[in-house]
Amino acid sequence: MDDVKGKNTIIEEFKSVILEFYKKYNLDPDKFSNEDKTRWVIAKGNDVTYIDLTQYEEWESITFNTPILLLPEKNILPFYRKCLEVNNYMAQSALTVFKDKVFIHYECPLKNYTYDNLSIDIDRSFWTASKVADILANEFGCKKISDEPT
């Protein structure tokens with residue numbers, strides 16, 4: 001499973017799947033990834049999702065993190081409670097918070113993951129982010145990340 005240099009071949013092989021995705025949309029993948037090609041950015045309008053390939057001790061994963069909102073300035077405890085309630089209804093995803101931003105987070109094993117899975121999960125990330133951002137922004141007056149100037 002591992003090559004001579006210790007890099008995981010599953011991750012190395014999957015990088016070509018992501019490159020294929022970028023090429024399909026005539027995008028330059030070098031403009032949208034980090035130096036070692038383990039983090040990618042996909043944009044759709046003003047929305048963005050970050051895709052990370054991660055090597056754990058026993059397995060490899062692909063993770064999607066889509067920022068959706070800035071934390072509200074007021075009613076933070078009711079906001080967190082609502083996030084927990086929303087998490088209860090989200091399939092394979094969860095709301096997470098990092099610094100002052102709320103994200104949709106989704107992670108799954110990379111083994112047997114395909115180009116079709118990638119395309120579906122990117123679409124699902126954007127769709128879920130849009131729906132959940134609308135619900136929370138309407139109820140708590142949060143500023144949506146997609147409304148931020150780029």
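Heavy-atom basis, side chains included; hydrogens, waters and symmetry copies ignored.
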Determine whether a donor-acceptor pair (N or O, by modelled atom type, separation under 3.5 Å) exists between the side chain of [X] and the backbone of [Y].
X: T9; Y: E12; result: no
X: K15; Y: D36; result: yes
X: N117; Y: T114; result: yes
X: S125; Y: D121; result: yes
X: N87; Y: L95; result: yes

Greater than 12 external heavy atoms within 6.0 Å of W127's CH2 |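 Result for CH2/W127: open.
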So with a 6.0 Å cut-off around CD of E85, is the heavy-atom count from everything else above 12?
->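 Counting neighbours around CD of E85, more than 12 heavy atoms of other residues, nucleotides or ligands fall under 6.0 Å, so yes.
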[X] to [Y] - nearest heavy-atom pair and separation:
X: P78; Y: F140; value: O-CZ, 3.5 Å
X: K99; Y: L71; value: O-CD1, 3.7 Å
X: F126; Y: I42; value: CZ-O, 3.4 Å
X: S93; Y: Y106; value: OG-CB, 3.9 Å

With a 4.5 Å limit on heavy-atom distance, are the side chains of T128 and T66 in contact?
->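 Side chain of T128 against side chain of T66, heavy atoms only: no contact under 4.5 Å found.
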Within-4.5 Å side-chain heavy-atom neighbours: F64 and L118 =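 Heavy-atom side-chain distance check passes, below 4.5 Å.
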Give a yes-or-no answer on whether the side chains of D116 and S119 include a donor-acceptor pair shorter than 3.5 Å.
->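 Per modelled atom types, D116 and S119 side chains form no pair under 3.5 Å.
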Roughly how far, to the nearest 0.5 Å, is [atom2] of [Y] from [atom1] of [X]?
X: Y22; Y: K31; atom1: OH; atom2: NZ; answer: 12.5 Å
X: Y56; Y: E107; atom1: OH; atom2: CD; answer: 3.5 Å
X: D28; Y: S33; atom1: CG; atom2: OG; answer: 8.5 Å
X: D134; Y: S130; atom1: CG; atom2: OG; answer: 5.0 Å
X: I68; Y: I145; atom1: CD1; atom2: CD1; answer: 8.5 Å
X: L69; Y: I104; atom1: CG; atom2: CD1; answer: 8.5 Å

Same apolar cluster (I L V M F W Y, side chains within < 4.5 Å links), [X]/[Y]:
X: L27; Y: F14; value: yes
X: V41; Y: I122; value: no
X: I18; Y: I11; value: yes
X: I76; Y: V86; value: yes

With sequence neighbours excluded, residues passing side chain to side chain donor-acceptor pair (under 3.5 Å) with Y25 |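 Residues passing side chain to side chain donor-acceptor pair (under 3.5 Å) with Y25: none at all.
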Identify, with sequence neighbours excluded, every residue that meets side chain to side chain donor-acceptor pair (under 3.5 Å) alongside N75.
->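 By the side chain to side chain donor-acceptor pair (under 3.5 Å) rule, N75 matches no residue at all.
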I10/Y113 under side-chain contact (heavy atoms from CB on, under 4.5 Å): CA gap, chis, key distance, verdict | CA-CA 10 Å; I10 291 175; Y113 196 85; over 6 Å; no
Give a yes or no on whether a salt bridge exists between K24 and E20, defined as a side-chain N under 4.0 angstrom from a carboxylate O.
->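 Looking at E20 together with K24, the answer is no, because their closest N to O distance does not fall below 4.0 Å.
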Taking R39 as the fixed residue, which of T63, N34, D52 is the one that meets the side chain to side chain donor-acceptor pair (under 3.5 Å) rule?
->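 The option that passes is D52.
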Knowing that exactly one of I62, V17, T54 qualifies, which makes a side-chain contact (heavy atoms from CB on, under 4.5 Å) with L110?
->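 With L110 as partner, side-chain contact (heavy atoms from CB on, under 4.5 Å) holds for just one option, I62.
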Carefully, step by step, assess F21 and W40 under the rule ring pair (Phe, Tyr, Trp, His ring centres under 6.0 Å).
-> CA-CA 11 Å; F21 180 87; W40 305 81; 10.0 Å; no
